[in-house]
Amino acid sequence: MKKAAYHNLGCKVNSYEMDAMLQALRQKGYEIVPFEEKADLYIVNTCTVTNIADRKSRQMLHKAKKTNPEGIVVAVGCYVQSDTQAVEADESVDLIIGNNKKKDLIQILENYLEGVAQESVIDINHTSEYEEMKLGATQEHTRAYIKIQDGCNQFCTYCMIPYARGRVRSRQKLDVLEEIKGLVSAGYKEFVLTGIHISSYGNGSLLELIQAIDEINGVERIRLGSLEPRIVTKEFADNLSKLKHICPHFHLSLQSGCESVLKRMNRHYTPEEYMEGVNHLRAAFDHPAITTDVIVGFPGETNEEFAETVQFVKKVDFYEMHIFKYSKRKGTKAAVMPNQVPEGEKAKRSMILQELEAQMSKKFREYYIGRKEQVLFEERKEIEGAVYFVGHTKEYVKAAVECGSTDERNLENEIIDIKLTSFVDSQVLLAQML
């Protein structure tokens with residue numbers, strides 16, 4: 001039996017596509033082995049969101065070739081798409097496959113082995129075709145990420161993704177529903193809708209898709225990927241709140257709480273519009289988890305502009321923030337903007353927001369102490385010397401039930417009523433089963 005190894009970089013969309021490629025390889029008779037082992041085939045699903053992501057992609061390609069110089073090393077995805085010539089010139093790479101061609105992995109591989117010339121990287125910016133893939137299982141056992149959309153039309157000044165992923169393309173609603181039905185039959189209970197820019201799904205029909213998923217028998221939870229703030233109208237929030245299985249956990253990408261910085265980023269909303277969306281969600285749901293991304297040190301960001309972001313973040317009172325120090329991305333408008341912020345200042349600003357994020361996260365979790373919730377348990381895990389079963393509430397608060405090293409109970413993929421009592425550590429709440 002031939003052996004294949006893989007390494008996945010980047011986002012949840014990449015993870016979904018990697019799962020689909022692994023499924024195809026297994027169906028073709030390949031045994032999937034760890035990346036560190038000697039294999040006949042190495043698949044590196046690359047990322048190009050930052051210069052560092054490009055470098056990590058190259059490192060993993062070189063590592064694969066070093067592990068087995070005779071193995072076929074395949075570079076796949078966004079880095080291939082954004083810098084095709086550089087990847088083609090890399091002596092560690094035997095075969096390249098761009099985006100919208102991952103579904104053809106097996107055919108491309110067979111053509112390569114037979115010496116047949118082929119097109120494996122298309123002009124992604126001039127296609128309207130959605131790359132259809134369908135999963136029967138995922139790498140996770142309780143939660144399935146469902147890709148519903150690809151591409152982005154936003155063209156933020158710091159971002160390469162529209163050039164690597166192309167324009168917005170949406171998956172057919174029936175294909176999404178059929179995949180979820182199949183995964184329900186395989187035992188999955190929670191479904192996370194993901195894509196490059198899911199708010200643009202179906203030219204305004206995201207809510208209709210979510211409503212249809214909510215009606216599928218066996219779906220216990222629906223969680224949404226990152227949303228564009230302006231999609232969250234009062235009507236949108238109110239309709240979501242009527243669904244039986246929606247998780248009140250919403251990731252609204254912010255990037256900056258300062259209007260002038262948002263304009264330089266080419267983000268299509270103001271802080272006031274963002275706050276309106278948050279208020280709609282909090283009016284529709286009892287205690288929703290609002291999470292976000294923030295970039296510090298964007299070109300030209302003054303101390304006064306950063307202070308505006310700090311005040312805005314406090315006003316929103318997030319559950320969690322992912323904080324990034326701005327990193328130049330070659331090929332973007334922001335990379336050549338004047339007044340680049342020194343690295344030391346970026347680090348200082350990042351630390352300020354990280355400390356604020358820790359305070360807000362603790363406050364959000366404290367709200368649940370003494371409350372009864374439902375937890376979908378995922379795995380057995382050791383925390384500070386004790387053994388627990390760990391899972392998440394609908395708001396994505398991590399909860400743990402102590403089970404002991406000799407306890408043979410398996411709570412994986414069970415949704416159980418619990419009462420939250422105290423902190424296990426700063427990230428996890430202790431739970432008692434009811």
Side-chain angles (χ1 to χ4, degrees), residues 1-11 13-48 53-127 129-137 139 147 150-151 163-166 169:
M1 180 182 286
K2 286 190 174 183
K3 296 181 178 181
Y6 72 96
H7 187 85
N8 189 68
L9 295 117
C11 62
V13 175
N14 256 17
S15 297
Y16 174 94
E17 292 166 348
M18 189 75 249
D19 282 346
M21 288 187 283
L22 292 175
Q23 180 175 273
L25 287 167
R26 289 190 183 98
Q27 290 170 351
K28 201 63 182 175
Y30 280 85
E31 176 190 357
I32 309 300
V33 300
F35 193 73
E36 295 73 23
E37 289 188 14
K38 189 173 182 179
D40 303 287
L41 176 69
Y42 294 88
I43 309 287
V44 178
N45 200 13
T46 63
C47 177
T48 194
D54 279 359
R55 188 169 74 240
K56 285 183 178 178
S57 296
R58 289 191 295 270
Q59 287 172 347
M60 299 316 295
L61 291 164
H62 298 165
K63 181 178 179 181
K65 183 56 76 174
K66 188 175 180 181
T67 302
N68 183 12
E70 303 303 315
I72 299 170
V73 176
V74 186
V76 182
C78 290
Y79 174 47
V80 174
Q81 199 70 51
S82 67
D83 202 350
T84 307
Q85 288 184 328
V87 186
E88 283 180 327
D90 193 325
E91 293 182 357
S92 294
V93 178
D94 298 298
L95 181 59
I96 64 172
I97 300 176
N99 287 325
N100 256 46
K101 282 287 187 176
K102 295 178 183 180
K103 69 181 187 305
D104 302 322
L105 168 67
I106 299 300
Q107 186 61 55
I108 291 171
L109 183 61
E110 289 178 349
N111 286 345
Y112 170 80
L113 292 170
E114 293 171 7
V116 177
Q118 60 194 319
E119 180 188 47
S120 58
V121 179
I122 66 168
D123 181 355
I124 200 72
N125 293 298
H126 292 91
T127 183
E129 177 194 357
Y130 178 83
E131 181 180 26
E132 180 57 38
M133 295 171 157
K134 187 177 180 181
L135 288 178
Q139 297 299 301
K147 182 184 169 188
D150 207 340
Y163 306 100
R165 283 282 178 175
R169 285 107 57 210

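These numbers were taken from a predicted model, which means no experiment stands behind them.
Taking OG of S57 as the start and NE2 of H62 as the end, the distance is 10.5 Å to the nearest 0.5 Å. The structure places CE of M60 at 4.0 Å from NE2 of H7, a figure rounded to the nearest 0.5 Å. Of the inter-residue distances, the one linking K56 atom NZ with K63 atom NZ reads 13.0 Å to the nearest 0.5 angstrom. Here the straight-line distance linking atom CD1 of I97 with atom NZ of K103 works out to 11.0 Å at 0.5 Å rounding.
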Please tabulate, for side-chain N and O atoms in residues 13-24, each donor-acceptor pair with protein atoms closer than 3.5 Å (sequence neighbours left out).
from : atom 1 : to   : atom 2 : distance (Å)
N14  : OD1    : K102 : NZ     : 3.2
N14  : OD1    : R165 : NH2    : 2.9
N14  : ND2    : L9   : O      : 2.7
N14  : ND2    : T46  : O      : 3.0
S15  : OG     : N8   : ND2    : 3.3
S15  : OG     : C11  : O      : 3.4
Y16  : OH     : M133 : O      : 3.1
Y16  : OH     : R171 : NH1    : 3.4
Y16  : OH     : E179 : OE1    : 3.1
Y16  : OH     : E179 : OE2    : 2.6
E17  : OE1    : K102 : NZ     : 2.6
E17  : OE1    : R165 : NH1    : 3.4
E17  : OE1    : R165 : NH2    : 3.0
E17  : OE2    : K147 : NZ     : 2.6
E17  : OE2    : R165 : NH1    : 2.9
D19  : OD1    : Q139 : NE2    : 3.3
D19  : OD2    : Q139 : N      : 3.4
Q23  : OE1    : G136 : N      : 2.7
Q23  : NE2    : K134 : O      : 2.8

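Applying the salt bridge (Lys or Arg N to Asp or Glu O under 4.0 Å) rule to K65 yields the partners D94; only residues at least two apart in sequence or on another chain are considered. Remark: T127 pairs with N100, I122, I124, E129, R169 by the side chain to side chain contact (heavy atoms under 4.5 Å, CB included) rule, at least two apart or across chains. The side chain to side chain contact (heavy atoms under 4.5 Å, CB included) search around E37 returns V33, P34, not counting sequence neighbours. Remark: S82 engages T48 in a side-chain hydrogen bond (donor to acceptor under 3.5 Å, both in side chains) (not counting sequence neighbours). Considering only residues two or more places apart in sequence or on other chains, D83 meets the salt bridge (Lys or Arg N to Asp or Glu O under 4.0 Å) condition with none of them. Every ring-ring contact (aromatic ring centres under 6.0 Å, His included) that Y163 has, sequence neighbours left out, goes to F155. Checked against ring-ring contact (aromatic ring centres under 6.0 Å, His included), Y42 has the following partners two or more places apart in sequence or in another chain: F35. Scored by the salt bridge (Lys or Arg N to Asp or Glu O under 4.0 Å) test, R58 finds no partners at all (sequence neighbours excluded). Partners of N125 under the side-chain hydrogen bond (donor to acceptor under 3.5 Å, both in side chains) rule, at least two apart in sequence or in another chain, are R167. Taking E110 as the reference, K28 meet the salt bridge (Lys or Arg N to Asp or Glu O under 4.0 Å) condition, with sequence neighbours excluded.
When all heavy atoms are compared, the tightest approach of S120 to I108 is CB-CD1, 4.1 Å. The two residues D123 and H126 have their closest heavy-atom pair at OD2-ND1, 2.8 Å. Between V73 and A64, the closest heavy-atom pair is CG2-CB, 4.0 Å. Closest non-hydrogen pair, T67 versus E36, comes out as CG2-O, 3.6 Å. The shortest non-hydrogen separation linking V87 to A75 is CG1-CB, 3.8 Å.
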- prompt: Does the pair I96 and E88 meet the rule for a side chain to side chain contact (heavy atoms under 4.5 Å, CB included), with working shown?
  reply: CA-CA 7 Å; I96 64 172; E88 283 180 327; 3.5 Å; yes

- request: For the pair L25 and I43, evaluate side chain to side chain contact (heavy atoms under 4.5 Å, CB included) and give the outcome as yes or no after the intermediate values.
  value: CA-CA 11 Å; L25 287 167; I43 309 287; 4.2 Å; yes

- prompt: How far apart are the C-alpha atoms of N99 and D150, what are their side-chain angles, what is the distance that settles it, and do they pass the side chain to side chain contact (heavy atoms under 4.5 Å, CB included) test?
  reply: CA-CA 10 Å; N99 287 325; D150 207 340; 5.7 Å; no

message: Please evaluate residues I72 and Y112 with respect to the criterion side chain to side chain contact (heavy atoms under 4.5 Å, CB included), reporting the C-alpha separation (whole Å), side-chain torsions for both, the decisive distance (0.1 Å), and the verdict.
response: CA-CA 10 Å; I72 299 170; Y112 170 80; 4.0 Å; yes

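Of the possible polar contacts, one joining the N68 side chain to the A39 backbone as a donor-acceptor pair under 3.5 Å is found.
Taking a 6.0 Å sphere around NZ of K3, one finds it holds 12 or fewer heavy atoms contributed by other residues, nucleotides or ligands.
The side-chain heavy atoms of I32 and Y6, taken from C-beta on, include a pair separated by under 4.5 Å.
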